[in-house]
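Both backbone and side-chain heavy atoms feed into the values below; hydrogens, waters and symmetry mates do not.
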Amino acid sequence: MERILTILTVIVVLVLFIIPIWAQSSQEPLQEQKKDTYYKSPTKEGWWWYKDYQRPKKEEEAKKEDVKTEQPKQTSTPKPLKEYSYNELLYMHPDEFSKLYDYYLKKAVQRPTEENVYEFYNLQDVARKKALLFSHYAGYVWQKYPELSTERDIPISGPGMSKKRDLIAGELQSYAKKNASEFGYVVFVQPGCGYCDSQLKILKYAEADGIPIKVVDISKNPSMQARFGIEVTPTIIVVDQKTGQYMPISSGVVSLDEIYTRTARAIRLMTGEDDPARYGIYDFQKGTSLDPLEPPPLWKKEKI
């Protein structure tokens, strides 16, 4: 019995102590190998394997970083102002003079010493005289070549301005009367519209000139409102009574002179008599300095 217990004790000792040690020693080379391949494998990378993960930078972010790292450009310092001659400054290219002017202005503002401010105001005087030089030559050229001047087309004297107003009013009124039989006004109104009453009173003078006027109440004629896309009252449109072609004249209250002005321009466009290039001028202004299709004297022989 004692012998059996001794044998069992030996077996237990072997199981608990000797066999695990042997097993561990026998697996050490395999674990060493696994350890090496596990941590050295190129596929096992990233934060969890003690390597910082870097997100790929987008193109925009890379550009921003490049901008941040760029060093500010060094601006060249001009030579002292006294070293320039007056004629050199007077006929200096505007871009170069502008840089020089900006430099001495900032210099005087940054350090407003007597010398810096004195230099800047001397340079400012040159700038003023450069402008005067151009202005004097402009007056000389305009007087020698009056066809380049707008003086005759945009009068500034009282009699000249009065005459211009008469010419405009006469042209518009005669044009409106001449086309009264072919064109007419449609005025869109609605109940409770105080501005509509004011516009209708003005249009009575157009009726006196022989221009037919049709008043449409949009509350009673929704189809007419939809057809012409009327959203505001009063609205005036001019209509070709033969073709049905139309063009808006105004939305809101406008004077009779303005109505006639827009009417003449609209009719000229609808009939093909003029194009939008001459939309803002009158007949008596065609061929003048206000006509965009009239070439200057240098290209007078060319026809657009």
Side-chain angles (χ1 to χ4, degrees), residues 153-155 159-294 304:
D153 304 315
I154 308 177
M161 295 171 67
S162 178
K163 184 59 178 178
K164 181 182 176 182
R165 284 194 298 268
D166 292 341
L167 287 172
I168 293 174
E171 178 182 323
L172 294 177
Q173 194 170 22
S174 63
Y175 196 85
K177 289 180 178 180
K178 182 180 72 174
N179 293 278
S181 60
E182 298 179 5
F183 292 86
Y185 294 130
V186 178
V187 189
F188 295 90
V189 299
Q190 63 180 324
C193 173
Y195 293 117
C196 297
D197 296 335
S198 299
Q199 189 66 83
L200 290 174
K201 289 178 181 178
I202 294 172
L203 287 172
K204 286 183 179 180
Y205 294 98
E207 279 185 312
D209 288 334
I211 301 175
I213 296 174
K214 180 178 180 180
V215 180
V216 176
D217 185 342
I218 61 173
S219 65
K220 297 178 181 178
N221 295 276
S223 59
M224 287 283 286
Q225 179 186 8
R227 176 185 171 187
F228 294 101
I230 305 302
E231 298 181 358
V232 179
T233 59
T235 291
I236 304 173
I237 63 173
V238 62
V239 182
D240 186 333
Q241 298 185 57
K242 292 182 179 179
T243 65
Q245 189 179 6
Y246 71 93
M247 190 169 179
I249 296 297
S250 66
S251 292
V253 181
V254 294
S255 67
L256 185 63
D257 287 342
E258 186 63 24
I259 291 173
Y260 280 170
T261 299
R262 298 180 187 182
T263 299
R265 292 170 178 172
I267 292 175
R268 287 190 177 105
L269 289 174
M270 287 192 291
T271 58
E273 183 180 342
D274 268 340
D275 58 40
R278 282 177 164 153
Y279 176 80
I281 63 174
Y282 302 96
D283 275 346
F284 71 90
Q285 293 173 330
K286 291 179 179 178
T288 69
S289 61
L290 302 179
D291 187 348
L293 300 184
E294 181 68 16
I304 297 178

Identify the two heavy atoms, one from [X] and one from [Y], that lie closest to each other, and give their separation to 0.1 Å.
X	Y	result
L269	P276	CD2-N, 3.6 Å
R262	S250	NH1-CB, 3.5 Å
P292	A277	CG-O, 3.1 Å
G252	Q199	O-OE1, 3.1 Å
G184	Q241	N-NE2, 3.9 Å

When you measure from the side chain of [X] to the backbone N and O of [Y], does any donor-acceptor pair fall under 3.5 Å?
X	Y	answer
D153	S289	yes
Q285	D291	no
D209	I211	no
E258	S255	no
Q190	S219	no

Distance in Å, [X] [atom1] paired with [Y] [atom2], rounded so as to fall on 0.5 Å steps:
X	Y	atom1	atom2	answer
K204	L256	NZ	CG	14.0 Å
I249	T261	CD1	OG1	10.0 Å
T233	F188	OG1	CZ	11.0 Å
Q225	D217	CD	CG	10.0 Å
Y260	R265	OH	CZ	16.0 Å
D240	T271	CG	OG1	9.0 Å

Within 6.0 Å of OH in Y205, more than 12 heavy atoms from elsewhere: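 Counting other residues, nucleotides and ligands, OH of Y205 stays at 12 neighbours or fewer.
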pair [X]-[Y]: side-chain heavy atoms closer than 4.5 Å:
X	Y	result
L293	R278	yes
V238	M270	yes
K164	I168	yes
I259	L203	yes
S162	D166	yes
L200	I213	no
V232	Y195	no
K214	V239	no

Parallel, tilted or perpendicular: rings of Y246 and F228 (30°, 60°):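 F228 and Y246: perpendicular rings.
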D283: salt bridge (charged side-chain N to carboxylate O under 4.0 Å, His left out) partners, not counting sequence neighbours: R268, K286
Pair I154-L290, side-chain contact (heavy atoms from CB on, under 4.5 Å): steps then yes or no: CA-CA 9 Å; I154 308 177; L290 302 179; 3.8 Å; yes
